[in-house]
Amino acid sequence: MPFKNLPETLQHALKAREYDKPTAVQAAVIENDADGRDLIVSAQTGSGKTVAFGLAMSPQILEDTGKMPFLVEPLALIIAPTRELALQVSRELSWLYADAGAQIATCVGGMDASKERRSLRKGAHIIVGTPGRLRDHLERGALDLAKLRVTVLDEADEMLDMGFRDDLEEILDATPDDRRTLLFSATMPKQIVSLAKRYQNDAMRISTVGEDRGHGDISYEVITVAPADTENAVVNLLRYHEAESAMLFCGTRDAVRRLHASLVERGFSAVALSGEHTQAERNQAMQALRNKRARVCVATDVAARGLDLPTLSLVIHVEIPRDPEALQHRSGRTGRAGRKGTAVIIAPYQRRKRVERMLRDAKVRAEWKDSPSREDIIAKDNERMMSGLLEPIEIDEEDRKMAELLLEKKTPEEIAVALVQAHRAKMPAPEKMLDKVQQSQPRDSGPRAGFEDTVWYSMNVGHNQRADARWILPVLCRRGHITKNEIGAIRINGDTTLFEVPRKVSAKFMEAVTKSHGSGNDDTDDIEISQFNGTPREAAKRRGRDGGREGGRGGGRDSDRGRSSGRDGRKYSSRPTYGNKHGRDGGRDGPRDEGKRGGRGGEDSSERGGYKGRGGGDRSTGVRNDKKRDFGDRSARDGDFKKREGGSFKKREEGSGFKKRDGANGSKKTESKSGAKPALTGKLSGSFDGDKPVVAKKMKRPHRGKRPIQRKPK
């Protein structure tokens, strides 16, 4: 049905904009039942809410002639959550009330406040602004709301989410009690209901949101990709759809900055929109989209509310929306006012369940697809190019002369080929996507598909750096531009980690790793990844053979450094272990106090106090001591305990008590069975009872990053 019960000036403006009939929300707010009442309107995004409240407030601000009254104080106040939405509302109301002679002023953050105050002093019928800037003008006395007749809260739920509740309450408290309050929002949470109860009187509830929350004019698609292929998928989607205008939503400002720079480098005419840009930059970006100087806008959720671009037909969720409401508002930038649109969600493989759950909560049905391939894009380009070239054209005389000149020098086939090449040269090249790999294979079916021929790589982190597979997998995917399905077995050792990659992607993997090493884009970019010689099994066999040769029969002992030497004289360090009473693995039997360090057939060359060892290594003290610290020798008499200081032994003075180390507090004295009172120095302490050493326990130190061990008092 056509618009009815409206002043002639508004009907003329709607007809000029080709508004033939009102939308559902527009028809509801101009009904006789809603006339003069406070309204709580919940409507689908893109349903024409701005024009709806513009029409709804007309009886309060227009005279019977359809014109604005003599300008004295503001008559209507519209509050919007963001600068872009406020400026857009101002533009919409400007053409709607142009014939009525309305003066409209905008007050938004980021603009010149002094100019806004001068505009308010001159007078304005309608004021549109953001909460923070309006409150600032109100407190400075530049904004007078004493004669206000209508207040409109646009996207009220978003304003409360952004923390503007105090600002809204202060502004509304400064308005007259008999004002009319219109509250518009796409969703209606509890905070909105409580705000309405406080500032509205007998409000009428209008809801045009059906049971199916999905927008009927928007088709939803989900593209599953590898995490490293997200950017390539964005490029291919833009090339496949070739939308007149497209909006790409990212989660952070950094992501917007990186993606925008990458698209511009590839040849797309793109602009960026986020909170780090000034208001002038944001205005220029929006104007470039409206003037078609730019076709792609990369934005954060700051652009997800209320922005209306008539030519926008494609929305790409580069990063998954945080909740169903964010999905609804992002996607609502397209498919507005009866136009069709497409919303595409790029979902990494590991986020599939999260996307399914979000779509279910949003009551949206989406079609799951693969990313467009190069072949799909080329076929689509050919179809569009053929359709464009076959359209009828008007030929002027200059173009005809140029065509005849070309036909004299080139054949028609050569001219056609040149035309095709020129057409393709204007468009960025599509990206090659990674091949999909089967995610799982039965355990008893041999190697996983694609892992029959693999290459092993090594990275310089392991258990000692607290690395695990859940941390290593995303690092490898990010550094090597591969998916987790292209990473085979992972072997985590002490300071290294070994992993396998299919040979068919190994060259691309190493190229990506080399480029990303030391780039500074990530904390893990300094981790060294290199190709491993052979496989872990072959390396273990090599270590076994080398160990057998180096610690072979008849080998000598280097007692000064705790190393064992084989036939060829090569030395190796072994991990120290406790000795065996009888030298189980070899060595001569002898008294305990001779401190034999037995090897397999090796000779003894150390006579320090302690047990004999099993194999090569440092067994001089009989105590497991990774840092090779000595706690004294057996020549101490009368309980005196010797301490190594500066490489020499020094006798401890009697009665000096226990000593502090490096400024630390002294620890508890330990008495031996023989009555001596040795001091705890360093990490180890002990005394002797005849030939048997009495060993104090190593002082426990809490693991780095964990809470200290709490001991109960005895």
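Minimum interatomic distance between Arg282 and Gly275 (heavy atoms only, all atoms of both residues): NH1-CA, 4.4 Å. Scanning all heavy atoms of the two residues, the minimum distance from Pro131 to Asp167 falls at CB-CB, 3.9 Å. Taking all atoms of both residues into account, the shortest heavy-atom contact from Phe164 to Pro81 is CE1-O, 3.8 Å. Between Thr496 and Ser458, the closest heavy-atom pair is CB-OG, 4.3 Å.
With salt bridges taken as basic N to acidic carboxylate O contacts below 4.0 Å, one links Arg295 and Glu242. Taking 4.0 Å as the cut-off between side-chain N and carboxylate O, Arg360 and Glu356 do not count as a salt-bridged pair. Ion pairing between a basic and an acidic side chain is recognised when a charged N comes within 4.0 Å of a carboxylate O; Glu155 and Lys49 show such pairing.
At most 12 heavy atoms of other shown residues, nucleotides or ligands fall within 6.0 angstrom of atom CZ in Arg351. Residue-environment remark: CG (Asn533) stays at or below the threshold of 12 foreign heavy atoms within 6.0 Å. Within 6.0 Å of CZ in Phe268 there are more than 12 heavy atoms belonging to other residues, nucleotides or ligands.
Classified by interplanar angle (parallel below 30°, tilted 30° to 60°, perpendicular above 60°), the ring pair Phe509/Phe499 is perpendicular.
Counting only distance, with no hydrogens or angles, the side chain of Arg333 and the backbone of His329 share a donor-acceptor pair below 3.5 Å. The closest donor-acceptor contact from the side chain of Asn236 to the backbone of Pro372 lies under 3.5 Å.
In summary, the side chains of Thr311 and Glu244 do not present any donor paired with an acceptor at a separation below 3.5 Å, with no hydrogens or angles considered. Remark: the Thr50 side chain and the Gln88 side chain contain no N/O donor-acceptor pair separated by less than 3.5 Å.
Taking the ring axis of Trp368 as reference, the NZ or CZ atom of Arg352 stays within 45° of it and closer than 6.0 Å to the ring centre.
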